[in-house]
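These notes are about the structure you will find just below.
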Amino acid sequence: MKLIDDLRNLDRNNVGGWPKSVKTFFVVLVIVVIVLLGWYFYVSNQQDTLATARQQEVTLKQDFEAKQAKVVNLDALKAQLAQMNDMLSQMLRELPGKTEMPALLVNISQTAQAAGIETDLFKPQPEIPKEFYAIQPIALKMQGTYHQFGTFISGVASLPRVVILTMHDVSLSAAKSGGSRDAPPPGGQLMLEGTVQTYRYLGDEEANGKNEKAPAKQGGQ
């Protein structure tokens, strides 16, 4: 072919003297190379965009499935929450009320005496109101054996009303100076000293009154 012969006989030092067919060939070749390179970079860029879009699609699908599961279970979760609120309300109502609290404190003190515990101090402190209940701290100082304290705790648990006693800053040590503070003998006398807390239920009127006073207090600040 003439083009092949012209390519073989090209004078590299005289580009201007190349035959027209050779010049046309190289122009077409350069255009093809430019088009191919442009297409390659364009497609590569689009492939990266496609990969990103596919990853976003997976993330969006997972997010959609999680939200769809929440929507499907929303009614069941609301019913479960309402049931838990009812259970909490019932449990709170099992705590002693305001009018029952004085008698309850007397019962706790009498239970300690019935167990053989010597009570040096049993002094209720001012109540600490919370949202649905009130905390009744009791400062006490008692002396007895392990067995007597166990009988006392068992007796408190047997009271008609639900009585919860939690200990705060309470120390338990051997009552006799000759005994070991860390490990007194099983039949030895122990000294229990500190503060315990019991709890009572706030009635609806008390709780509502407390909630109504809170905004008024904030407004006056």
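Quick note: numbers below take in every heavy atom, side chains included, and nothing from hydrogens, waters or symmetry partners. Residue numbers run from 1 in the order of the sequence given.
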For [X], check salt bridge (Lys or Arg N to Asp or Glu O under 4.0 Å) against everything at least two apart and list the hits.
{"X": "Asp63", "result": "Lys67"}
{"X": "Glu193", "result": "none"}
{"X": "Glu65", "result": "none"}

Report yes if some heavy atom in the side chain of Gln136 is under 4.5 Å from a heavy atom in the side chain of Arg200; otherwise report no.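 SC-SC contact between Gln136 and Arg200 ruled out.
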Any non-hydrogen side-chain atom of Tyr133 less than 4.5 Å from a side-chain atom of Tyr199?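 The answer is yes, as the side chains (C-beta and beyond) meet within the 4.5 Å cut-off.
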Backbone N or O of [Y] within a donor-acceptor pair of the [X] side chain at under 3.5 Å?
{"X": "Gln148", "Y": "Thr145", "result": "yes"}
{"X": "Ser154", "Y": "Gly150", "result": "no"}
{"X": "Thr119", "Y": "Phe122", "result": "no"}
{"X": "Ser109", "Y": "Leu105", "result": "no"}

Contact list for residues 112-126, test salt bridge (charged side-chain N to carboxylate O under 4.0 Å, His left out), sequence neighbours left out: none
Side-chain heavy atoms under 4.5 Å apart, restricted to Ile/Leu/Val/Met/Phe/Trp/Tyr: what other residues fall into the cluster of Val71, or is it alone? none
According to side-chain hydrogen bond (donor to acceptor under 3.5 Å, both in side chains), who are the partners of Gln125, at least two apart in sequence or on a separate chain?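 Gln125 satisfies side-chain hydrogen bond (donor to acceptor under 3.5 Å, both in side chains) with no residue once adjacent residues are dropped.
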